[in-house]
Q: 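The structure that follows is given in the form of structure tokens.
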Protein chains: 2
Amino acid sequence: MKDSSKRTRGRPKAWGDKDQQNTIKSLDRALEVLVALGDMGGGTLSEIAVALDQSPATVYRVLSTFQGRGFADFDEQSQVWNIGAAAFLTGSQFLRRTSLAERARPIMRELMEATGETANLGIERDGKVLFLGQVETNATIRAFFPPGTASAMHSSGIGKALLSRMDDTRQRQVLAAGKLEQFTPHTLTDPEAMIADLHTTKARGYAIDGEERNLGMRCIAAPVYNVYGEAVAGISVSGPTTRITEDRITILAQSVMEAADRLTRAIGGNGRPAG
Amino acid sequence: MKDSSKRTRGRPKAWGDKDQQNTIKSLDRALEVLVALGDMGGGTLSEIAVALDQSPATVYRVLSTFQGRGFADFDEQSQVWNIGAAAFLTGSQFLRRTSLAERARPIMRELMEATGETANLGIERDGKVLFLGQVETNATIRAFFPPGTASAMHSSGIGKALLSRMDDTRQRQVLAAGKLEQFTPHTLTDPEAMIADLHTTKARGYAIDGEERNLGMRCIAAPVYNVYGEAVAGISVSGPTTRITEDRITILAQSVMEAADRLTRAIGGNGRPAG
DNA sequence: AAAGCTATTTCATAATATGAAAAATTCAAA
DNA sequence: TTTGAATTTTTCATATTATGAAATAGCTTT
């Protein structure tokens, strides 16, 4: 049904001036109801009306309409409204779309621009970190991880960010399998030291690879979560210790975490409820 | 946020007489757009407007409004509209209700790790199997059922596991409705053959989908029971025939059944007293 | 450079969404 | 049992606003 011969047409980014007001008010309010219904995990008509400060009559009609299309369910017994199966079905079509890597691209670009360092994206695969993509800095001296590279979890920023969010069982499993090979004098090879580092990482919200894989190279990484709050990917910046200095780490980490949060939201992910 | 002291009030099942007309027209049409967008897997403005026989101007405003709340995404590059992350997020709240999916998550993960194959969770809805979630294997070749997919009962492992636990009446009802469409040479299209297969399945405790839906793909599924001993969900592993070989089936089935039992217990379910 | 698409915006108008209040019903208390 | 309070659903008059046609502005192709 799709005709791939179509390309960009039409009107540009800004004509009038700024953001026009071409949203439909009633629809917008209706969506507000649906979102609220989801956020509060169901509720009775009056609860919802009060929460949104809208007329019960309107909310009632909105919910009835949603119900007509299966976007909302109404339990006669308890008089409680809930998100319906159709909302799940339609919403799930979101997953069929572009990959993590594609969604990450613009976010990584901005991260690179904000920090001036190469931005990386990686996931865990078979106990290793698989690099899915990167956006390189313009600086002449720069880190380079070709996409498709697989490297050890324990000596990578993204790897440690992911590890820090696994439960103890999985953690030990991965660490045992990999044997904590020593790459530089800074590599953490002692399992207990590694576990301690992971605890710090988890509490801090981001991981630091301080020359643990390559001498002279630092990396700051934060985890990206899926809808179930599981850490499924990591995003990082990496560069030479001469530019990523000790005192810049905190600042850079803010950008990295912000990018990770944005990507989490872009893939429909969920904060971080999982312990 | 919920006040459990509230109970049933208000007006009953039928007052006026039959179904009243208290749906909001514009909202209903907007939902039509969203559903179409999902069904057709994205599309350009004119494609959607034509498909729905609506004014481009209106469709544009509807989509813009959805975009404002994140229910739709617009890719400037390709001028293509798609279902957005917020639709997925809100729609996913549907799962929280049963909490089945939530409880299943860790169990599915362990099942995946034990078997090395993708683990799936599904329920029956409107005579079809609705996939609620999955945990993917790390293997590069793998089965992929996006959550939200609805597929035919008779050609799915989970579907057959559920069918095998229904009484004859419901069984024939569902099978009659679906017409046993043939997907591969292995699909069971003869009702009697299907009934026989279901008897075997019930006695055995797990269902096998041997390339009945997709050539080269096998699936092993077991039912999950609620408090009344009714089969309300199914849990399965699926993968290529090259890995899920004939002689591994018995072993894998043990893991699947164990996972199903654990999930049954996790949702307060009851062994299998029913029929 | 012009013609031909397609996406946006504007605008006048009719459609319809809306809140207030009434009606219908159930729950709890007297 | 009766009464009253709470809550959902409907009706109705009205103003809001959603809507399509047509105009506008960018692209793409000729």
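A, B, ... follow the sequence lines: proteins, then strands. Residue 1 opens every chain.
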Q: Does a nitrogen or oxygen in the side chain of Ser46(A) sit under 4.0 Å from OP1 or OP2 of dT8(D)?
A: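 Affirmative; the distance criterion is met.
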Q: Find which nucleotide of DNA chain D each of Ile24(A) and Phe74(A) is nearest to by heavy atoms, and output the residue with the more 5' nucleotide.
A: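 Looking at the nearest nucleotide for each, Phe74(A) comes out on the 5' side.
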Q: Do the charged groups of Arg170(B) and Glu124(B) touch, with an N to O distance under 4.0 Å?
A: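 Glu124(B) and Arg170(B): salt-bridged.
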Q: Using whole Å, report how far CD of Gln54(A) lies from P of dG19(C).
A: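 Taking CD of Gln54(A) and P of dG19(C), I get 7 Å after rounding.
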Q: Measuring from the side chain of Ala57(B) (C-beta onward, heavy atoms only), which nucleotide among dT7(D), dG19(C), dT9(C) has the closest atom?
A: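 For Ala57(B), the side-chain atoms sit closest to dT9(C).
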Q: Looking at Glu230(A) and Arg105(B), is any side-chain nitrogen of the basic one under 4.0 Å from a carboxylate oxygen of the acidic one?
A: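 Here Arg105(B) pairs with Glu230(A) in a salt bridge, since their nearest N and O are under 4.0 Å apart.
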Q: Could you give the CZ-to-C1' distance, from Arg29(B) to dT17(D), as a whole number of Å?
A: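 Taking CZ of Arg29(B) and C1' of dT17(D), I get 12 Å after rounding.
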Q: Distance check, rounded to the nearest 0.5 Å: Phe66(B) atom CZ versus Leu37(B) atom CG?
A: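 Between atom CZ of Phe66(B) and atom CG of Leu37(B) there are 9.0 Å.
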Q: Using the side-chain contact (heavy atoms from CB on, under 4.5 Å) definition, which of the options Val59(B), Asp73(B), Leu63(B), Thr44(B) pairs with Trp81(B)?
A: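 That would be Leu63(B); it is the only one of Val59(B), Asp73(B), Leu63(B), Thr44(B) passing the side-chain contact (heavy atoms from CB on, under 4.5 Å) with Trp81(B).
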Q: Between Ser236(B) and Asn120(B), is any side-chain donor less than 3.5 angstrom from a side-chain acceptor?
A: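 Yes, Asn120(B) and Ser236(B) have a side-chain donor paired with an acceptor closer than 3.5 Å.
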Q: Of Trp81(A) and Ser26(A), whose nearest nucleotide on DNA chain D comes first from the 5' end?
A: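 This one resolves to Trp81(A).
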Q: Can you check whether Thr44(B) has a side-chain N or O nearer than 4.0 Å to OP1 or OP2 of dA7(C)?
A: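 Yes, Thr44(B) has a side-chain N/O under 4.0 Å of OP1/OP2 on dA7(C).
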Q: What is the distance, to the nearest angstrom, from the OH atom on Tyr60(A) to the P atom on dA24(C)?
A: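 Distance check: Tyr60(A) OH to dA24(C) P gives 15 Å.
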Q: For Arg61(A) and dT8(D), give me the distance from atom CZ to atom P, rounded to whole Å.
A: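 After rounding, the reported distance stands at 14 Å.
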Q: Measuring only between side-chain heavy atoms, which start at C-beta, is Leu121(A) closer than 4.5 Å to Gln134(A)?
A: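 Result no, sub-4.5 Å side-chain heavy-atom pair not found.
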Q: Provide, to the nearest angstrom, the distance between the NZ atom belonging to Lys25(A) and the C1' atom belonging to dA18(D).
A: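 Going from Lys25(A) (NZ) to dA18(D) (C1'), I get 12 Å.
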Q: Expressed in angstrom and rounded to an integer, what is the separation of Leu63(A) atom CG from dT8(D) atom P?
A: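 Between P of dT8(D) and CG of Leu63(A): 10 Å.
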Q: Please give, in whole Å, the distance from dT11(D) P to Asn22(B) CG?
A: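 It works out to 9 Å between those atoms.
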Q: From dT8(D), dG19(C), dA7(C), pick the nucleotide closest to the side chain of Ser55(A)?
A: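 Output: dG19(C).
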Q: What is the distance from CD of Gln79(A) to C1' of dA24(C), rounded to the nearest Å?
A: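 That distance rounds to 13 Å.
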Q: Specify the closest pair of heavy atoms between Ser238(A) and Glu117(A), including all atoms of both residues, with the distance to one decimal.
A: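 Closest approach of Ser238(A) to Glu117(A), heavy atoms only: O-OE1, 3.6 Å.
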Q: Rounded to 10°, tell me the angle between the two end axes of the helix from dA1(C)-dT30(D) to dA30(C)-dT1(D), each built from five pairs.
A: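 One end axis against the other gives 40°.
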